[in-house]
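This structure is a prediction, so every number in the text was calculated from the model and none was measured.
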Amino acid sequence: YSTCEHTLSRRAREAHMKRFCKAQAIQRRLEEIEVTFRELEKQGIKLEKLLRDENGSPADQQTQWTNQLLYLVQKKNSLMTEESDLMIAVQELKLEEQQWQLDRKLRSYMNREETLKTPEDHKAEQEILAQLLKVVNERNHLIQIQEEKRLSEL
């Protein structure tokens, strides 16, 4: 029995570390996106000034600047979509961690002998079960959002 408990504990720690590493990677990417946003904004401001101030510029030059500005807008939109996906992933990780903790609490109550449980234990077990169901429903909702987003992109 202790070997089984030890294995479950090790797997839980590994899953927790995996979620932690994923959260760190997401955080780094969000910071990179923020830096890129600022750079794109600076470039966009320069191009807008060039387009406004250079009325005497050749049409080819103005077309090139306009195309560059449109490219920056597309790139920014793509980064905003990625940022949105990452925020959903962060929320999903939080819910996954919550689910794991609630599941662990619920198992501790369920592993107790039924005859030894107090009315408070039964009540706590039901509350944990309700919270667990809520978290599972929230995770399901996030999955639905991701699926709808994916289908709309197609």
Side-chain angles (χ1 to χ4, degrees), residues 1-50 65-154:
Y1 181 75
S2 65
T3 305
C4 182
E5 264 184 355
H6 179 69
T7 302
L8 287 174
S9 176
R10 188 186 78 233
R11 286 185 182 164
R13 280 193 311 273
E14 289 171 356
H16 177 72
M17 284 306 297
K18 189 176 180 180
R19 285 190 298 273
F20 180 73
C21 290
K22 189 174 180 182
Q24 282 185 321
I26 289 171
Q27 185 61 38
R28 275 192 303 273
R29 183 61 187 141
L30 286 170
E31 289 168 2
E32 290 170 3
I33 288 172
E34 189 62 36
V35 168
T36 307
F37 272 153
R38 279 182 259 150
E39 290 171 4
L40 291 175
E41 190 69 30
K42 287 177 187 174
Q43 291 174 8
I45 289 170
K46 266 191 220 176
L47 286 170
E48 282 183 38
K49 283 182 181 177
L50 287 171
W65 290 335
T66 303
N67 288 338
Q68 286 175 351
L69 190 60
L70 289 174
Y71 172 75
L72 292 177
V73 169
Q74 288 174 339
K75 194 167 183 176
K76 187 173 179 182
N77 285 341
S78 135
L79 287 173
M80 287 175 68
T81 300
E82 183 181 356
E83 183 181 43
S84 170
D85 291 342
L86 290 172
M87 295 307 289
I88 290 172
V90 165
Q91 187 63 31
E92 194 171 350
L93 284 173
K94 285 179 184 176
L95 290 172
E96 197 175 309
E97 182 69 22
Q98 263 186 319
Q99 183 177 346
W100 175 77
Q101 290 174 358
L102 289 169
D103 188 51
R104 196 178 74 207
K105 285 181 186 177
L106 184 62
R107 284 182 193 277
S108 73
Y109 280 107
M110 294 178 85
N111 286 337
R112 294 182 189 168
E113 191 66 39
E114 196 65 36
T115 56
L116 300 176
K117 290 183 185 178
T118 65
E120 290 81 19
D121 291 339
H122 285 289
K123 184 179 178 185
E125 187 176 339
Q126 291 303 314
E127 287 175 3
I128 291 170
L129 190 57
Q131 290 174 345
L132 188 58
L133 186 60
K134 181 182 174 198
V135 168
V136 168
N137 285 334
E138 288 176 14
R139 285 185 72 192
N140 185 48
H141 180 70
L142 282 179
I143 291 169
Q144 287 176 344
I145 289 172
Q146 287 175 320
E147 185 64 19
E148 288 171 6
K149 202 171 171 186
R150 186 186 68 79
L151 289 174
S152 72
E153 289 171 358
L154 292 176

Notebook entry, point to check: Who pairs with E96 by side chain to side chain donor-acceptor pair (under 3.5 Å), at least two apart in sequence or on another chain?
Noted result: none
Next item on the list: Apply salt bridge (charged side-chain N to carboxylate O under 4.0 Å, His left out) to E153 and list each qualifying residue two or more places apart in sequence or on a separate chain.
Entry: none
Tell me which donor-acceptor pairs under 3.5 Å the side chains of residues 30-38 have, and how far apart each pair is, sequence neighbours excluded?
{"from": "E31", "atom 1": "OE2", "to": "Q27", "atom 2": "NE2", "distance (Å)": "3.4"}
{"from": "E32", "atom 1": "OE1", "to": "R29", "atom 2": "NH1", "distance (Å)": "3.1"}
{"from": "T36", "atom 1": "OG1", "to": "E32", "atom 2": "O", "distance (Å)": "2.9"}

Checklist line | Between T118 and E120: side-chain donor-acceptor atoms closer than 3.5 Å | finding: yes
Next item on the list: Using side chain to side chain donor-acceptor pair (under 3.5 Å) as the criterion, list what pairs up with Q43, not counting sequence neighbours.
Entry: none
Next item on the list: Applying side-chain contact (heavy atoms from CB on, under 4.5 Å), name anything that partners L95, two or more places apart in sequence or on another chain.
Entry: Q91, Q98, V135, E138, R139, L142
Notebook entry, point to check: Within a strict 4.5 Å, meaning less than it, do heavy atoms of the L86 and E82 side chains meet?
Noted result: yes
Next item on the list: Mind checking the CG-CD spacing from D121 to E114? Nearest 0.5 Å is all I need.
Entry: 9.5 Å
Next item on the list: Side-chain contact test, heavy atoms from C-beta onward, threshold under 4.5 Å: evaluate it for N77 versus M80 and give yes or no.
Entry: yes
Item checked: side chain to side chain donor-acceptor pair (under 3.5 Å) contacts in which one or both residues fall within residues 141-150, not counting sequence neighbours -> S84-K149, D85-K149, E147-R150
Margin query: Can you confirm whether more than 12 heavy atoms, excluding those of K75, are under 6.0 Å from its NZ atom?
Written below: no
Check: What residue pairs, at least two apart or across chains, pass salt bridge (charged side-chain N to carboxylate O under 4.0 Å, His left out) with a residue in residues 97-108?
Finding: R19-E97, D103-R107
Using atom types as modelled, flag every donor-acceptor pair under 3.5 Å from a side chain in residues 7-15 to any protein atom, sequence neighbours excluded.
{"from": "T7", "atom 1": "OG1", "to": "T3", "atom 2": "O", "distance (Å)": "2.9"}
{"from": "S9", "atom 1": "OG", "to": "R13", "atom 2": "NH1", "distance (Å)": "3.0"}
{"from": "R10", "atom 1": "NE", "to": "E14", "atom 2": "OE2", "distance (Å)": "3.4"}

Next item on the list: Identify, with sequence neighbours excluded, every residue that meets salt bridge (charged side-chain N to carboxylate O under 4.0 Å, His left out) alongside K42.
Entry: none
Checklist line | All side chain to side chain donor-acceptor pair (under 3.5 Å) counterparts of N140, not counting sequence neighbours | finding: none
Notebook entry, point to check: Of all heavy-atom pairs between Y109 and K117, which one has the smallest distance, and what is that distance?
Noted result: O-CE, 3.0 Å
Next item on the list: For E41, check salt bridge (charged side-chain N to carboxylate O under 4.0 Å, His left out) against everything at least two apart and list the hits.
Entry: K76
Checklist line | Spacing of CG belonging to L50 relative to CD1 belonging to I45, to within rounding of 0.5 Å | finding: 12.0 Å
Note to self: As an exercise, state the distance from CG of N137 to CG of L132, rounded to the nearest 0.5 Å.
What the structure shows: 10.0 Å
Next item on the list: Please report the shortest heavy-atom distance between A89 and I26, naming the atom on each side.
Entry: CB-CD1, 3.7 Å
Next item on the list: Output the distance between atom CG (L93) and atom SG (C21), rounded to the nearest 0.5 Å.
Entry: 11.0 Å
Note to self: Restricting to side chain to side chain donor-acceptor pair (under 3.5 Å), what partner residues turn up for K123, sequence neighbours left out?
What the structure shows: none
